[in-house]
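All heavy atoms count here, side chains included; hydrogens, waters and symmetry mates do not.
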Amino acid sequence: MSFIGEAALSVFLELLSGKLVDSVLNFVADHRQVHQQLKQWQSILPEIKAVLNHAEEKQIKDEHEDDILDEFAHQELRLKLQKTQAQASTSKVQKLIPTCCTGGNFSPTSFMFNTKMISKIKDITEKLNSLNTRRSSLGLSEIMSQGATSKGKKPRLQPTSLMDGAVEYVGRANEKQELLELLKSNNSDGVCVLSIVGMGGMGKTTLAQLVYNDPSIKESFDHKAWVCVSDAFDAVNITKTILQSITSEPCAYNDLNLLRVKLKEKLSGKRFLLVLDDIWNHNSTDWTILRAPFGAGTKIIVTTQDQKVSANVNSMKAFYLDKLAHDDCVSIFAQHALKARNFDGHLQFKEVGEDIVRRCNGLPLAAKAIGSLLRTVKDHSEWEKVYESEIWDLPEDSCGIIPALRLSYYYLPSHLKRCFAYCSIFPKDYEFEEEEIILLWRAEGFLQPKAKNQAKGLGNQYFQDLVSRSFFQISSKDKSCFVMHDLMNDLAQLVAGEICCRLEGDKQPKSLHRSRHSSYVGDDWYHGVKKFEAFYQMTSLCTFLPLMLPRYPIFYLTNVVLDDLLPRLSYLRVLSLCGYEIYDLPNFFENLKHLRYLNFSKTLSACLPDSLCTLYHLETLILRNCSRLKNLPSKIGNLVNLDFLDIRGVDSIERLPSGFDQLTKLQTLSDFVIGEGDGHLIRELKNLSNLRGNFRLSGLENVNGQDAREAKLNEKPIDVLELQWGTDLGNNTRKKEVEERVLDFLRPQEKLEQLTIENYGGAKFSSWIADSSFKNLSSLKLHDCKNCKSLPSVGRLPLLKDLSIIGFDQVQTIGVELFGENQLNPFASLEILSFESLPNWKEWDTCERDEKVLKFPNLRELSIIDCPQLLGRLPTHLPSLQNLEIDGCTRLVVSISSFLSLCELSIRGCAELVDDCSSPAKEVPSLQTLSLSNISKFNIPADRIMLRFGNSEHFEINGWEELASLSQHGLSLVGHRFIKVLHCPQLQSLETEEAELQPDKISRVEFLVISYFDRLNRLPKVFHELTFLTVMKIDHCPGLVSFAENNLPPNLKKLHISYCDNLEYLVEEKEDNKSMSSTLCHLEDLEIEMCPSLMSLSSKGHKSICNQLQLLQIYVCSKLSCLFPNTKLPITLKHLEIDGCPELEYIAQEFDETACLESILIEGSGIKSLPRGLDKLIHLEEIQLLSCSNLVSFEESGLLTTNLTAFSVHDHENLGALLKSLVEWGLNRLTSLQQLFIVGEGCSNVVSFPEEGIGMMLPPSLTSIFLSEFEDLEFLSSEGFQDLTSLQELFINCCPKLRSLPEKDMLLSLGLLDISDCPLLTEECSSDKGREWSKISHIPRVVIDNKFVIPRVSDFPGVES
């Protein structure tokens, strides 16, 4: 199926039938030849549009009709703007405008169409005529005679209620049980509907079958029926099928009324179960007619892919099916492929089978279908082929995945088909936001609203339609984002065909010349020339969209893209350079007249080119987090179609230019910045009547009341408003009265949902802020209003949920004015209340004297931070309080008596913590997190402490300088799972009496952190018997000599010890060896840092403490002399890092043949040789040997393994001999090597690299090379670099004679070149006259002597790398 039938052609036809072509026809009315051609286009429209839906099944060649119309519209806008500006400009400006545009007889048709454009129009006319003529031969018809079938194939068999008895069904047990309970319950007087919703292939029908055929259903219902509805929702046929199922007799009636009467008679007084499988119909009238015969006792299960269907049938409960668990998918796959429940009896297929199941991504249909496909295949290589195949390459007849998913696609209306297919440019697992996709759809012309300014609403509707039909799903990682299931992504690629492509890794799509929409994945830092070679074939590209992986903070782009590639892509509608470290943007926008979407977010340019203002069609401009951007183009008013402008995070902009009043289509404007002396520009907001969504007004200290009035903020449907004044409240030019008037006149519409006011300098707030007519206001943040002495009466706001008060220096009392006079139910909806930085606040009158007034009934979170003068107590009646945080309120008394729903309690600095004993003590089972610090008086009886705090899983004491023992306050470690005790310098022990810390009492402890215990000299013995303890961290305990006696805690997996000055051993062995060897240790991760007295891991060199170790890191332990002196390393060890241990000469005697070691990093060590058997380490990937002056060679330890990916060696006295032995052995034999780090100190007479005289060859797999301190090195050999096609990084340091790099062709893959302390090469790489400049000018990032050469930093000469 070709995407072009749906996308490009359909969009073009909609443009032809819309207002754009009418405008163009008027524009070219005087150009007879062009006018006739376009009229002919319009006349062909009805016949072509009638067969468009069938055309989606055909390979129709892409055209550029919409681009032609675009060019006409662009020229019309350009000339109109020139005329307007000419009339308003000075004579100096008029001289720059052609006379044909400034004369009294100016007409848009003065534009002279060149021969090329007329030729294009004729070509398109001929092709449209040809298409219309050839529609019969192409198989296009106005009637979809084949229905849901694809390419003439037979229709799919409809599922029935019967199940395959040979298969054991797995998964969905919870859903099945809940469905059965609801079906058998008698909790409904009328018809009870339950729906099962999910994407195609998710197992909806199977779940319904499991329930329908459950033995308990037969006992609970008198009758049951199963109907597969599918696309034909025919009430007559469905009712007839139900009647026949009940009577087991054929039914000859075709009259719906008669059928309904008969059915109602049969079901009278009966319990009836009906399954309606695979419903697509949205019509509520059809549903009402269908369910009319059913009454009490009828239960209906509906399965559907569409959430709207579920809502339409008024489901009592909807079951949304998510991906199946991996093990369940394995079972389904194995049953169909191997007739087994798993791979235990077929180990030869286990690895590839698991890989295939992972590709199914939790979709049971895929596991079943591919399993069935492989049922008779016993050749392992054939399984590999299936794994490597694209899902659509599998045979449809024997693998039903694509037909099942394509059916979902078939039921989409055409406007949703093209929107979905376009999303094939997103890689699998890509998380996207709704707004992001809608902006792209609009730029591509997929949203064609019937009225002005409705595109965003239409986009929201389209997006939610695709969500409801399960084409998009809410991300499990971020609920604000969406993803496509992997197989939906495959389907999108299939239906999009060649028109959409995404470039990932080394994958190169076919027929790139037909691609119109392309994305590429930013999977590394540097995007060099090679990454963009494919784009030169995409001559008609509309979409240039980099998609950056979040693990990289920034990316570097070759100048070739900006200087050469982008100016060629003249049909672009979408262009993103988001995330690139670009300092200067070339003036190439005049060539991109079709551009609708431009994203420069996170780039580093100080200004935007003036040519950007010639993008008359531009709708979306995103400049988010452009931290160096100082201003917007002065002619921004020319962007008359601009709808979306995002400058969030652009804090360096001090003012916006004039001209915003011309942007009348603007709906989203994130920030309007008013500069000093520009207060009148706020008046330009008056014309922006469509402004909506989130909006911030900043620089309000530069505005007066009359200007603020003219902004007409109350006429704009803004949801989220931020009013921001400057931080310089002490500035004498700022007048309180002026700022109060400004705030008065900035009253927004009453539909406002969120309001933030920052740095307001008035002494009082406007009355509208507390006006109860703001019924939708849910969030109010008043920050740093330092002149205000009182707070507004926001308790009146009926739906206020979140109130934040920060930085009010003048406020001393908070009382009735906050609640509102005579308010019976203030803060009725408030859930979150926070006060912070109120340095003079002394009294909080909570008005609790009036018991009739219920305050804060729904408050869940209360935080009071840095209010040092606050006296008295907190409110006592907070029935819903879950989180309480008090920090830096040293005069406040905190009573927790009535807070019985607390989940988190954090007290860091208060006068007193109390529990009122006047009422019976009650347990607080909900408390999960308890953090206590610097409490001057702890006034809770010991018998209440366990009731209050004993159930909290997280227990933390931090920075309690006066705490001498836990028992003095009745605190204990008993009952907690995660414990942190930090910065308690007076605390000597974690136990009170030894009897109180028995293993059975604190057995729940899993995680323990002990930090900054100056007086702690030993750990409680009981800790080493805790069976659940898995993670322990100890630091800054100078009195600790050893961690344990004889044994570590039996299940401890991670242990980090640092800054324990007197620690000598990890384990001090005091018992005989037999006792030690019998104890199995599960320690996997051991890190010891800055323990200068450490001599060995165990006092007697016993091995058993590390027999499960996977990661060993030891840093700066100056007395450490041995690790495993008489043994091999643990075979489980994967990563070994030793740094700053000058006394360590040996690690172990040898490596075990079965060792799992993957990386070795040794730096600043006295090691003489590595253990024997280095060549046996088949898993070893990385070796770094840095500043190990005693290491001579690898001869004793064996040669390197060929699986090595990273090798670094430097600062060795014997480096020359070491390198010679490696060269003689053959570095090129390291076929997996990616990183090579060599310091050539002591390697004199090395003139070239690789050395040509000795036949030194580098492995082609290299991605990074670091060369340093080769004193005689003169040139880098082109021959030696010619096979390094994957090289991305080249570092060259301290090579004083080096002056020549390899030829440019050898450096095309390079992303980073870093040169330092190489004076001759630095001169040759100068952009002015250097002979080497041409070799490096294409590299995305070039750093010479710690300064950027590329990217260009002309505006920021001081920027360093």
Residue of the set Phe949, Phe1028, Phe955, Phe1007 for which ring-ring contact (aromatic ring centres under 6.0 Å, His included) holds with His976: Phe955
Please report the C-alpha distance between Ile896 and Ile940 in whole Å, then the side-chain angles of each, then the deciding distance to 0.1 Å, and finally whether the side chain to side chain contact (heavy atoms under 4.5 Å, CB included) criterion is met. CA-CA 10 Å; Ile896 59 171; Ile940 302 178; 4.1 Å; yes
Are any non-hydrogen side-chain atoms of Ile1114 and Leu1097 less than 4.5 angstrom apart? yes
Donor-acceptor side-chain pairing of Glu1087 and Tyr1115 below 3.5 angstrom: no
Start with the C-alpha distance between Phe819 and Phe856, add both sets of side-chain angles, then the distance that settles ring pair (Phe, Tyr, Trp, His ring centres under 6.0 Å), and finish with yes or no. CA-CA 10 Å; Phe819 297 97; Phe856 305 119; 5.6 Å; yes
Do His783 and Ser804 have side-chain atoms, one donor and one acceptor, less than 3.5 Å apart? yes
Would you list the atom pairs, donor with acceptor, under 3.5 Å between side chains in residues 900-910 and any protein atom, with sequence neighbours excluded?
residue : atom : partner : partner atom : Å
Ser906  : OG   : Arg908  : NH1          : 2.5
Arg908  : NE   : Asp887  : OD2          : 3.1
Arg908  : NH2  : Glu885  : OE2          : 2.7
Arg908  : NH2  : Asp887  : OD2          : 3.0

Atom OG of Ser1093 and atom CG of Leu1040: how far apart are they, to the nearest 0.5 Å? 11.5 Å
Student check: side-chain heavy atoms of Glu843 and Gln812 closer than 4.5 Å: no
Applying salt bridge (Lys or Arg N to Asp or Glu O under 4.0 Å) as the test, list every pair that has at least one member in residues 860-874; sequence neighbours left out. Glu831-Arg860
I want to check something: taking the side chain as every heavy atom from C-beta on, are Ile1162 and Leu1144 in contact at a cut-off of under 4.5 Å? no
Any heavy-atom pair between the side chains of Leu1066 and Leu1055 that's under 4.5 Å? yes
Nearest 0.5 angstrom please: Ile979 CD1 to Glu1006 CD, how far? 10.5 Å
Carboxylate-amine/guanidinium contact Lys1119 Glu1143, below 4.0 Å: no
Side chains of Cys785 and Phe765: closer than 4.5 Å at any heavy-atom pair? yes
Report the residues that fulfil side chain to side chain donor-acceptor pair (under 3.5 Å) with His983, sequence neighbours left out, ordered by chain and then residue number. none
Could you tell me if the side chain of Cys1117 sits less than 4.5 Å from the side chain of Leu1063, heavy atoms only? no
Result of checking Leu913, Leu963, Val914 against Phe938 for side chain to side chain contact (heavy atoms under 4.5 Å, CB included): Leu913
With a 4.5 Å cut-off on side-chain heavy atoms, are Ile886 and Leu874 touching? yes
Go through the side-chain N and O atoms of Asp1035 and Ser1011 and say whether any donor and acceptor fall under 3.5 Å apart. yes
Is Pro875 close to Trp844 at the side-chain level, that is, under 4.5 Å between some pair of heavy atoms? yes
